[in-house]
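All remarks here apply to the structure that follows.
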Amino acid sequence: MDFLIEFVGEILAELVLEGGESAASNHRRPRWQRVLVLALLALFFAAALGLITWAGVLMAQEGRIAAAVCMFALDMGLVFFCACKIRKILRTFSCK
């Protein structure tokens, strides 16, 4: 049963993220829809990165410095890749 829940959750998350990315960069959609989808994706990623940062802070408070540094390094890497992805999507917006 756990496998089924995990499998369905993974499929739904993949559909939302991949579908959101393609919807945000689709020229056929109105600009306001693309901005809304992009804002929702940015909010999702900000929440996920915030949780990773919070976990790193908690690990640092417990004295697990090596794990905290790894969490912060992971967080910085993901922030960089998210910024690159959002920048790529923003390039699809026309300046008309």
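Numbers here simply count residues along the sequence, with the first being 1. From a predicted model like this one, the values you see are computed outputs, not experimental measurements. Just the heavy atoms: all of them, side chains too, but no hydrogens, waters or symmetry mates, feed the values below.
- Here salt bridge (Lys or Arg N to Asp or Glu O under 4.0 Å) pairs that include residues 56-69, with residues two or more places apart or in two chains, are Glu62-Arg64.
- Closest approach of Ala68 to Gly56, counting heavy atoms only: CB-O, 3.4 Å.
- Dense packing is recorded around CZ of Phe72, with more than 12 heavy atoms of other residues, nucleotides or ligands lying under 6.0 Å away.
- Taken from CE in Met71 to CG in Leu51, the straight-line distance is 9.5 Å, to the nearest 0.5 Å.
- Note that the CD1 atom of Ile52 and the CG atom of Leu74 stand 5.0 Å from one another [nearest 0.5 Å].
- Placement of Phe45 and Val37 within a single hydrophobic cluster is found when ILVMFWY residues are connected by side-chain heavy-atom separations under 4.5 Å, directly or transitively.
- Atom CG of Leu49 is separated from atom CE of Met76 by 8.5 Å, given to the nearest 0.5 angstrom.
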